[in-house]
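Count residues from 1 along the sequence. Given the structure is predicted, the values throughout are model-derived calculations rather than measurements.
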Amino acid sequence: MELADIRVEIDKIDDELKTLYFKRMELSKEVAKIKSGKETGKKDNVYKPDRERQIIERLTSDLEGDKEVLKEDYILFIKRILENSKNYQRKLLSED
């Protein structure tokens with residue numbers, strides 16, 4: 001595979017990541033609506049450490065071989081997405 005071909009594939013993946021990121025944030029918006037006090041009685045009920053641990057465990061438990069080397073970086077990637085989601089929910093909840 002040539003460098004130009006690899007870059008085309010990377011661009012496709014980046015486009016998919018963008019789509020998936022905004023789809024996830026839209027779902028985070030829906031979560032914030034549920035957390036807006038109607039269900040929980042609290043407005044800042046965003047951080048769920050158990051849920052975060054479950055997500056990280058689910059997404060990393062099968063990493064082995066070459067992927068194991070990237071596990072730490074992947075966990076940071078996951079945590080960043082989760083942090084963005086929490087921040088977005090907090091912002092939405094503070095607007096209520």
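Listed by first and then second residue, the side-chain hydrogen bond (donor to acceptor under 3.5 Å, both in side chains) pairs that reach into residues 49-60 are D50-R53, E52-K86, sequence neighbours excluded. Under the side-chain hydrogen bond (donor to acceptor under 3.5 Å, both in side chains) criterion, the residue pairs touching residues 65-82 are R80-N84, with sequence neighbours excluded.
Residues satisfying the side-chain hydrogen bond (donor to acceptor under 3.5 Å, both in side chains) test with E30, not counting sequence neighbours, are K33. Contacts of E9 classified as salt bridge (Lys or Arg N to Asp or Glu O under 4.0 Å), with partners at least two apart in sequence or in another chain: K12.
Residues Q89 and V46 approach most closely at OE1-CG1, 3.8 Å, considering heavy atoms. In plain terms, the two heavy atoms of Y88 and K29 that are nearest each other are OH-CD, 3.8 Å. Taking each heavy atom of D62 and L59 in turn, the nearest pair found is OD1-O, 3.9 Å.
Alongside M1, the hydrophobic cluster contains I6, I10 (criterion: ILVMFWY side chains under 4.5 Å).
To the nearest 0.5 angstrom, S28 atom OG is 8.5 Å from K35 atom NZ. Atom CG of L70 sits about 11.0 Å away from atom CD1 of I75, to the nearest 0.5 Å.
Hydrophobic clustering, with ILVMFWY side chains joined whenever heavy atoms are under 4.5 angstrom apart, groups F22 together with L92. With hydrophobic clusters built from ILVMFWY side chains whose heavy atoms lie under 4.5 angstrom apart, L27 does not share a cluster with I34.
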Are K48 and L82 close enough, and set up right, to give a side-chain contact (heavy atoms from CB on, under 4.5 Å), and what steps lead you there?
CA-CA 10 Å; K48 300 286 187 186; L82 295 173; over 6 Å; no
Evaluate the criterion side-chain contact (heavy atoms from CB on, under 4.5 Å) for residue pair I78 and I81; output intermediate values, then yes/no.
CA-CA 5 Å; I78 296 165; I81 292 170; 5.9 Å; no
In sequence, state the C-alpha distance, the side-chain angles, and the governing distance for R90 and Y47, and then conclude on side-chain contact (heavy atoms from CB on, under 4.5 Å).
CA-CA 10 Å; R90 285 186 187 106; Y47 181 56; 3.9 Å; yes
